[in-house]
Engineer: 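Input: one structure, supplied below.
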Amino acid sequence: MFPTRYGWVTRWRVTSRYFTTKSVPKTEVKYTSTINLPKTKFPARLSVEKRTEVEEHLRKTCLGELYSWNRSTLSAEKEFILHDGPPYANGDLHMGHAVNKILKDLILKHKIISGTRVHYIPGWDCHGLPIELKALEAFNRKKRKVQGESHKTAYEIRNTARSFALETIGKQKHGFESWGVTGDWHVDSGYYRSLDPSYISAQLHLFYELYEQKLIYRDLKPVYWSPSSQSALAEAELEYDEAHQSPSLYLKLALENRGASCPSIQHQRLASAQIYAVVWTTTPWTLPANQAICYNPELNYSLVQSSAGEVLLVGNDLIDYLAAQLDTSLSVLQTMPGTELQSLKYHHPLNQQKILPFLPASHVKAEKGTGLVHTAPAHGPQDFLVCLERKIPIENLIDGRGLYNDRAPKFLQGKYALTEGNELVTATLTDSILKLGTIVHSYPIDWRTKQPVMLRASDQWFIDTNRLKQRALEEINLVEIYPPNSSEVSKKVIEGQLKKRPYWCISRQRAWGVPIPVLYDTVTKEPIVSKSLLAAIDDRLMKESTIDFWWTDSLKELVPVELLHQLGTSHDRIEKGKDILDIWFDSGVSWLSVLGKDRVADLYLEGVDQFTGWFQSSLLTSVAARGKAPYKAIYVHGFAVDENGMKMSKSLGNVICPKQIARQYGCDALRWWVCAHATQNTSIPVSHKLLGTSAENVQKLRSILKFLLGVVAPDGTNRTIKESIQQDLLHHVDRYYVHQLEAFHRNVFALYDSYQHNKATGMILNFCQSTLSGLYLHVIKDRLYCGTREEHNNLKAILDYTYRVLSKVLWPIVPFLVEESWTFYEKDYFYKANRHTVNVVLPPASQSVHAIECALDLRHAVYQQEQLNVNTWLLEVAVECSDSDLALLSMLHPRLNKCENSTELCELLQVGSVALRKATASEHRFTVIVKKSDKPLCQRCRRYLVSEQNDKTFPICTRCDGILRQRRE
């Protein structure tokens, strides 16, 4: 494809289609050999098979060497560190992976082509529940096939999970490499995995350091617990069911001795009526664990009488709300300040013999409910803190499966709390229920099993986030967040998460992960954390390459006698811990293995959901260990959705596979789609229409590169261009164009630097289609094809510079296309050759820019004329304009009031001749008169009018005649 007078034409051979009219014999093609047409073997298109072959070759050679070349060649003085958040090794690659890894690669390649050395170590998160579930599924399939397989051991689960993770990593690594992502993919030190011995060792040592600083501790606290997974969960491992239905229970609890312990209650006005405290709960299953009622001392409370005659104690501000909820009238008998409730006691709802206290608490609000809160410290963080402050021991009645244990009332023992528990408790409390309904609300569920979770007290390991919060908030305020339009909201999200987090549970009750390196005293249940024990574990880990021995070894094998003496205990007095480290701690400390204790990453780039996940866990662990954030900037992207905005899933049948896309459209089309669509919204639409458009855009760029190569490297890698741009041969349009080219280069790189990739693709297309193809190449084609050798060579130098700038701008997005085209330009790889390119000395262009812009405005006015349904080179144009416009246009057309045909203005307007005159009074900026010439066009250039007929069969213009004579001489 190349520009002709009639637009872009996908042909290279000149035929009578372009150079003849019906009245001209076909023998006119004898001038073809005198015209400098583009010539290159760079293919206009590639078949799917050929494209796959080219991409694979470039991947194995050129792009495969990129990262090591970057590390060994570029200066280490300034280094850009992008720390890779580990993708989960639990399945095939999807569009989210493509968005994440290609965005990272766009940034890396831009830095490299700008001369900056990059530090990028890809990684994988290999532990955790999702992979363990895959291992259990595999084990269960095997069990069904093999008779006698009745149980699974931790070692079997770990072995299966490890195999699955390593197999997945192999597939994902190949996929990332196939997309052209920069990295040392085939060197063990080129990537990290959370199952590597060195990674585990660093993590265990960090655990010990934080334990010594008392930032890590063990305690009994309520945590999110998944009965379906039988493990504690972090908040980042929760999803929310917006349509979950829970009971809505208003319950009356009898005050002890009718509240006689409170002197403010005016019993003489109440006769002998019983007084009830009213509470509201959506978790009746927690009522057996009730240990207090909380009130707010800053609120006022009232005794009210219902239409049924019952005397109820409720928050004064909630009387009307409560009356509506209970569908009853409530008349106020007495009002008192909340401070008066401190002496009250009440009867436990299921055990009337148990007398429990009222406790003051600031978390009680007058927004909904009753102003009094049922408190079960085993099942709520705020409940827990209130009781902890008063040293009230926790009653935990639920086991790890979500069943009531043997400390619960007999009628509940062995029952599943979240379902049967709700039903049995409410049935037992019928006489005390004021109202029982259903509420639809957002409820946490396990992100993997999709089953409801519960808050449940459990002995777990915690990080003391209260001690880290202030420093973490100070650090996050120093972090830049991209894209800029979401930075304020994003910063508020992570700050809000940090502020409301009282502690971080870092232990899990699973088999596949990194064990918490702790022994326990079987008598006191106290943990034994020892540097000597850690050293013994570390030594074994490095020798055996796995930490499976923690599960397979007996205590005597794991803890030798000499170590036992150091610990001051005996084998029959200790037991191994069974917990593993939380996956977010596991992945959050990746900075330790990749960055070390001192370095800080220039950028972390992940999905927006990581504000509650990896961004936060990385921040907290880094602040805990070294007092600073692990990153200087955070870049967030959205999630891939289908064209209707729906999340992609196999069940909906709307999944588009990146492997399929790369095969059908090419890796560069996939990369272009990511660059164009992945940064501006939280939802990233994926459709074959958008991908097809991306492929078309890449094809347009291919056509432009082909044309440029045809001019500057007609013999392949043996470029004939040796001249630099000659300033004295430049036309104003050349100066204007080179000025636009430099601005284009500078502006695109500025967009890359600020991670506004979608704007960069728009700017690239606009420049290539409008400024380069639509204007400059269209205007210069006469000089390029038919001009003098000096003109041709100077334009060749400009287009050579254009090709190099365009390659530099395009390479981060479409590296396969650029490197393929470069093989037809030079023998070396583009990224290597680019280091040795010499900057072009640019001519001053300010006046030229103004003149060309004025001429383009005039061209628009000329092309509005009706006569333009003919070949524009046959037109003679007279223009009247103002003094200011005349001054600018005269730079392109020096002789006023003369009908000239060889000026730059004629070239820009693409007309046969122009006459410029000063305008008389006119309401229009330009007054244009157009007429068709009766003179013939030159049969060689088809640009100039031939002034006089001669005896030649095919007349040519004076310019072409002179050029041909010069060649013959």
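When reading the values below, keep in mind they use all heavy atoms of this one structure, side chains included, and skip hydrogens, waters and symmetry mates. Worth saying up front: this structure is predicted, and the values here are computed from it rather than measured.
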Engineer: Out of curiosity, L690 CG to W672 CH2, how far, rounded to the nearest 0.5 Å?
Structural biologist: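 So the CG of L690 and the CH2 of W672 are separated by 14.0 Å.
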
Engineer: Please check: side-chain N/O of Q769 versus main-chain N/O of G774, any donor-acceptor pairing under 3.5 Å?
Structural biologist: no

Engineer: Would you say the side-chain atoms of R663 and T52 include a donor-acceptor pair closer than 3.5 Å?
Structural biologist: yes

Engineer: S593: what forms a side chain to side chain contact (heavy atoms under 4.5 Å, CB included) with it, not counting sequence neighbours?
Structural biologist: Y199, A202

Engineer: Apply the test salt bridge (charged side-chain N to carboxylate O under 4.0 Å, His left out) to residues K492 and E495: give CA-CA distance (whole Å), side-chain angles for both, the deciding distance (0.1 Å), then the verdict.
Structural biologist: CA-CA 5 Å; K492 285 182 179 178; E495 286 177 351; over 6 Å; no

Engineer: Counting N and O atoms only, with roles assigned by atom type, does the side chain of S114 sit under 3.5 Å from a partner on the main chain of T116, one being a donor and the other an acceptor?
Structural biologist: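 Side chain of S114 to backbone of T116, a donor-acceptor pair under 3.5 Å: no, none is there.
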
Engineer: Going by distance alone, is a donor N or O of one side chain under 3.5 Å from an acceptor N or O of the other, for N758 and H677?
Structural biologist: no

Engineer: Going from SG on C667 to CD1 on I661, what distance comes out if it is rounded to the nearest 0.5 angstrom?
Structural biologist: 10.5 Å

Engineer: Under a 4.5 Å cut-off applied to non-hydrogen side-chain atoms, are V636 and L605 in contact?
Structural biologist: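 They are not in contact (no side-chain heavy atoms under 4.5 Å apart), so the answer is no.
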
Engineer: Look up atom CG in D828 and atom OG1 in T823, then write down how far apart they are to the nearest 0.5 Å.
Structural biologist: 12.0 Å

Engineer: Kindly indicate whether the side chain of F176, heavy atoms from C-beta on, has any atom under 4.5 Å from the side chain of P122.
Structural biologist: no

Engineer: Closer than 3.5 angstrom, by distance alone: can the side chain of Y67 be matched with the main-chain N or O of Y120 as a donor-acceptor pair?
Structural biologist: yes

Engineer: Check whether more than 12 heavy atoms from other residues, nucleotides or ligands sit under 6.0 Å from atom NZ of K491, and answer yes or no.
Structural biologist: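 Yes.
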
Engineer: Answer whether the closest heavy-atom distance between the side chains of Y88 and I583 falls below 4.5 Å.
Structural biologist: yes

Engineer: Under 3.5 Å, is there a donor-acceptor pair between the H186 and E177 side chains?
Structural biologist: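 Yes, a side-chain donor-acceptor pair sits under 3.5 Å.
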
Engineer: Mark yes when over 12 heavy atoms from residues, nucleotides or ligands other than H745 sit less than 6.0 Å from its NE2; otherwise mark no.
Structural biologist: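 Yes.
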
Engineer: Would you find a donor on one side and an acceptor on the other, under 3.5 Å apart, between the side chain of E239 and the backbone of I445?
Structural biologist: no

Engineer: Under a 3.5 Å distance rule, please check whether N70 uses its side chain to pair with a backbone N or O of V118 as donor and acceptor.
Structural biologist: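 Checked: pair present.
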
Engineer: Rounded to the nearest 0.5 Å, how far apart are CG of L670 and NZ of K659?
Structural biologist: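 It is 13.5 Å, given to the nearest 0.5 Å.
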
Engineer: Can you tell me if S622 uses its side chain to pair, donor with acceptor, with the backbone of L619 under 3.5 Å?
Structural biologist: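 Flag not set: sc S622 to bb L619 has no pair under 3.5 Å.
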
Engineer: Quick check on the 6.0 Å ring-centre criterion: do W69 and Y831 meet it?
Structural biologist: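 They qualify: ring centres under 6.0 Å apart.
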
Engineer: Keeping R702 on the side-chain end and S821 on the backbone end, is there a donor-acceptor pair under 3.5 Å?
Structural biologist: no

Engineer: Quick check: Y635 with Y604 (ring centres under 6.0 Å apart)?
Structural biologist: no

Engineer: Side chains of W124 and T168: is there a donor and an acceptor less than 3.5 Å apart?
Structural biologist: no

Engineer: For the residue pair R51 and G666, what are the closest heavy atoms and their distance?
Structural biologist: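 Taking every non-hydrogen atom into account, NE-CA, 3.3 Å.
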
Engineer: Just distance, no hydrogens or angles: give the donor-acceptor pairs under 3.5 Å from side chains in residues 105-112, sequence neighbours left out.
Structural biologist:
unit_1, atom_1, unit_2, atom_2, d
D105, OD1, K109, NZ, 3.1
D105, OD1, T182, N, 2.7
D105, OD1, T182, OG1, 2.7
D105, OD2, K109, NZ, 2.6
D105, OD2, R671, NH1, 2.9
D105, OD2, R671, NH2, 2.7
K109, NZ, G180, O, 2.6
K109, NZ, T182, OG1, 3.0
H110, NE2, D753, OD1, 2.8

Engineer: Can you name the side chain to side chain contact (heavy atoms under 4.5 Å, CB included) partners of V54, sequence neighbours left out?
Structural biologist: L46, K50, L58, E820

Engineer: Is C768 close to L701 at the side-chain level, that is, under 4.5 Å between some pair of heavy atoms?
Structural biologist: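 In short, these two side chains touch, coming nearer than 4.5 Å.
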
Engineer: Under 30°, 30 to 60°, or over 60°: which ring-plane class applies to F767 and F744, parallel, tilted or perpendicular?
Structural biologist: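 Parallel, since the angle between the ring planes stays under 30°.
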
Engineer: Can you see which heavy atom on H83 is nearest to which on S590, and at what distance?
Structural biologist: NE2-OG, 2.8 Å

Engineer: Test your reading of the model: is there a side-chain donor-acceptor pair from D582 to the backbone of W584, 3.5 Å cut-off?
Structural biologist: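 Yes, D582 side chain to W584 backbone: donor-acceptor pair under 3.5 Å.
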
Engineer: Looking at CH2 of W673 and CG of L691, how far apart are the two atoms once the value is rounded to the nearest 0.5 Å?
Structural biologist: 7.0 Å

Engineer: With a 4.5 Å limit on heavy-atom distance, are the side chains of P630 and V600 in contact?
Structural biologist: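 P630 vs V600: side chains apart.
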
Engineer: Any side-chain donor-acceptor pair under 3.5 Å between E819 and W811?
Structural biologist: yes

Engineer: Any pair with a residue in residues 684-699 that passes side-chain hydrogen bond (donor to acceptor under 3.5 Å, both in side chains), sequence neighbours left out, goes on the list, sorted by first then second residue, please.
Structural biologist: Y665-H688

Engineer: Just by distance, do the side chain of E606 and the backbone of G85 share a donor-acceptor pair under 3.5 Å?
Structural biologist: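 Here the side-chain-to-backbone pair exists.
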
Engineer: Please find out if less than 6.0 Å separates the ring center of W822 from that of Y803.
Structural biologist: yes

Engineer: Does any non-hydrogen side-chain atom of E480 lie less than 4.5 Å from one of I634?
Structural biologist: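 Not touching, per the 4.5 Å side-chain cut-off.
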
Engineer: Please check if the number of heavy atoms outside R599 that lie under 6.0 Å from its CZ is greater than 12.
Structural biologist: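 Yes, the 6.0 Å shell around CZ holds more than 12 heavy atoms from other groups.
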
Engineer: What I want to check is whether the side chains of T612 and Q497 have a donor and an acceptor closer together than 3.5 Å.
Structural biologist: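 No pair is found: no donor N or O on one side chain lies under 3.5 Å from an acceptor on the other.
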
Engineer: Between D241 and K450, does any side-chain N to carboxylate O distance fall below 4.0 Å?
Structural biologist: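 A salt bridge is absent here (no side-chain N lies under 4.0 Å from a carboxylate O).
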
Engineer: Supply the atom-to-atom distance E53 CD to E49 CD, rounded to the nearest 0.5 angstrom.
Structural biologist: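 Nearest 0.5 Å value for the CD-CD distance: 10.0 Å.
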
Engineer: Who pairs with K171 by side chain to side chain contact (heavy atoms under 4.5 Å, CB included), at least two apart in sequence or on another chain?
Structural biologist: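 With neighbours one apart ignored, the set is D92, E167.
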
Engineer: Do S228 and S226 get their side chains close enough for a donor-acceptor pair, meaning under 3.5 Å?
Structural biologist: yes

Engineer: Do D125 and W614 have a side chain donor and acceptor closer than 3.5 Å?
Structural biologist: no

Engineer: With respect to D602, which candidate in K78, R117, K632 satisfies the salt bridge (charged side-chain N to carboxylate O under 4.0 Å, His left out) definition?
Structural biologist: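 With D602 as partner, K78, R117, K632 yield a single salt bridge (charged side-chain N to carboxylate O under 4.0 Å, His left out), made by K632.
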
Engineer: Residues in ring pair (Phe, Tyr, Trp, His ring centres under 6.0 Å) with F585, at least two apart?
Structural biologist: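 None.
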
Engineer: Determine whether the side chains of T449 and Q451 contain a donor N or O and an acceptor N or O closer than 3.5 Å.
Structural biologist: no

Engineer: With a 4.5 Å cut-off on side-chain heavy atoms, are V641 and V686 touching?
Structural biologist: no

Engineer: Check F816 against S178 and note the closest heavy-atom contact, atom names and distance.
Structural biologist: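 Residues F816 and S178, closest heavy atoms: CZ-O, 3.7 Å.
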
Engineer: Considering non-hydrogen atoms only, spot the tightest contact between R158 and G513 and give its length.
Structural biologist: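 Looking at all heavy atoms of both residues, the closest pair is NH1-O, 2.8 Å.
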
Engineer: I'd like to know if the side chain of N747 and the backbone of A743 have a donor-acceptor N/O pair within less than 3.5 Å.
Structural biologist: yes

Engineer: P197 and S545: which non-hydrogen atoms are nearest, and at how many Å?
Structural biologist: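 It is CG-O, 3.4 Å.
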
Engineer: If every non-hydrogen atom of A161 is compared with every non-hydrogen atom of I131, which pair is closest and at what distance?
Structural biologist: O-CG2, 3.7 Å

Engineer: Report yes if the side chains of L66 and Y829 come closer than 4.5 Å at any heavy-atom pair, otherwise no.
Structural biologist: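 Of all side-chain heavy-atom pairs linking Y829 with L66, none is under 4.5 Å.
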
